[in-house]
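Chain letters run A, B, ... following the sequence lines, proteins first, then strands; residues in each count from 1.
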Amino acid sequence: MARHFDNELRDLKFSLLAMAGQVEEMILLTHNSLMERSDADARRVNDLDKAVDELELRLDQACIDLLALRAPFASDLRLIASTLKIVPELERIGDHCTNIARRALILNPMPPLALGDGLRKLGEETLSMVRRAVDAFVNGDADLARAVIQADDSVDALYVDINRELLRLMLADPLTIERASHLIIVIKNWERIADQATNIAEEVLFIIGGVSVKHPYLQTPPDQA
Amino acid sequence: MQAGDTMTDVEPRQGAPRKTEVPLTDTAVLSAKPLLHIEDVSLFYGPKQALFNIDLEVREHSVMSLIGPSGCGKSTLLRCINRMNDLIPNVRIQGSVKVGDDDIYDPAVDVINLRKRMGMVFQKSNPFPKSIYENVAYGLRIQGVKDRAVLDEAVERSLIASGLWDEVKDRLKESGLGLSGGQQQRLCIARAMAVRPEVLLMDEPCSALDPLATSRIEELIFELKRDYTIVIVTHNMQQAARVSDFTAFFWMGKLIETGLTEMLFTNPRVRMTEDYISGRFG
């Protein structure tokens, strides 16, 4: 039996996807602002952040309305509850992009540091994680969500490598300290975006399976349940 | 997972520790022993089979909700528990229903005594055309209790337990029919409790009540489970979710799924349960 509620849930998903699309664009522009040293892209990131914030408010209200008016159960409840948690993750990604773009505007006029390819890889891998987390949500793809969660380890490793590289540069040449300090903040923000993608993937697994996969160290092994 | 610490110009969202999930279920019921054992119960109205091989256990001091679309057999099963189906012609029951170790369909069982152990509250409140006092004392009187002090104690205890005492203590001699719908239903609950049953069976006890009266009955159910084991039939999904520890979903006379209420309403194992509680069919 088709329900009016199904249309409302479909609208909710579309709105979440619209927000995710805006955030993906912000990530792409953020990456360009650093890699292509584009001030225009950095400023565009800042402009888009407002739209993402507005979508956050709209989606929050939509979720509260559906909870109050439809009293959902089972998969409907999981979808709405998880949307309420995914929305702030996306909004936070937008904030991290804004932070990076702000640093890009400071760094771009300065000579580039002699860094390896890690920074580019970090941005690309993080963007890929967010995209795949959103795809997993759209398609209800548990395997893809699990792959996103696993990918976080490689982003963490990249972050640690770049951090070390920047420390080496600063130790070797004090003139790099200002730029390296900004870049340390940049990579920290990329790393946090990857964490947020992981959180989204965890919510996708909850929507699909109804079981939280967060903090596996706190989960009781089945033989001790 | 967050990588190693370093300076940052953002507030780390995940810095605060998260609490582990705490189940909403009253944890005491998880370790309670089963009181009602319904084993392989089938019921026939003449040639028509209404229940099919039902296996269900209800734990002591827990609330079990029976849900499902009209005609699914939930009220029929409820009436099996106090043998009220015996009153219907051409009913045939197979399987066993036990309270503790006592098989209630044992031919030696005294049905009147059995029904004292199983208080029942119906969809429509049905106070007798007697005073409030006499409504509550009725069960004890037909058991032969005449001692006024015993009756007084039972009436007060039952009205307090049903949350009605403060509202009626000054007019116990007035007719029970003069109470509001919600009060009449609580009077019926008090009447059922006066004979100290082990189990309270409730057949849609709030379906004729307004939200406020419904809320009072639901709060009462929550209180009563300290002393009673409760089985409630309800069409109201939110009510089942609010009041019960366990829920059983029936469809066409079959038990489709049973389990902890919080699990059944957030993550049912069977698609049919999901579709029913989400309003996709029924």
Could you name the residues of residues 207-224 of chain B that have a heavy atom within less than 4.5 Å of a heavy atom in chain A? none
Has B:Asn267 got a side-chain atom pairing as donor or acceptor with A:Ala74's backbone, closer than 3.5 angstrom? no
Taking all non-hydrogen atoms of both residues into account, name the closest pair between A:Arg78 and B:Thr266 and its distance. NH1-O, 2.6 Å
Is B:Met263 close to chain A through its backbone or its side chain, or both, or neither, when contacts mean heavy atoms under 4.5 Å? neither
With a cut-off of 6.0 Å (strictly less than), are more than 12 heavy atoms of other residues, nucleotides or ligands near CE of B:Met252? no
Show the numbers, then the answer: is there a side chain to side chain contact (heavy atoms under 4.5 Å, CB included) between A:Phe73 and B:Glu274? CA-CA 8 Å; A:Phe73 285 125; B:Glu274 160 112 23; over 6 Å; no
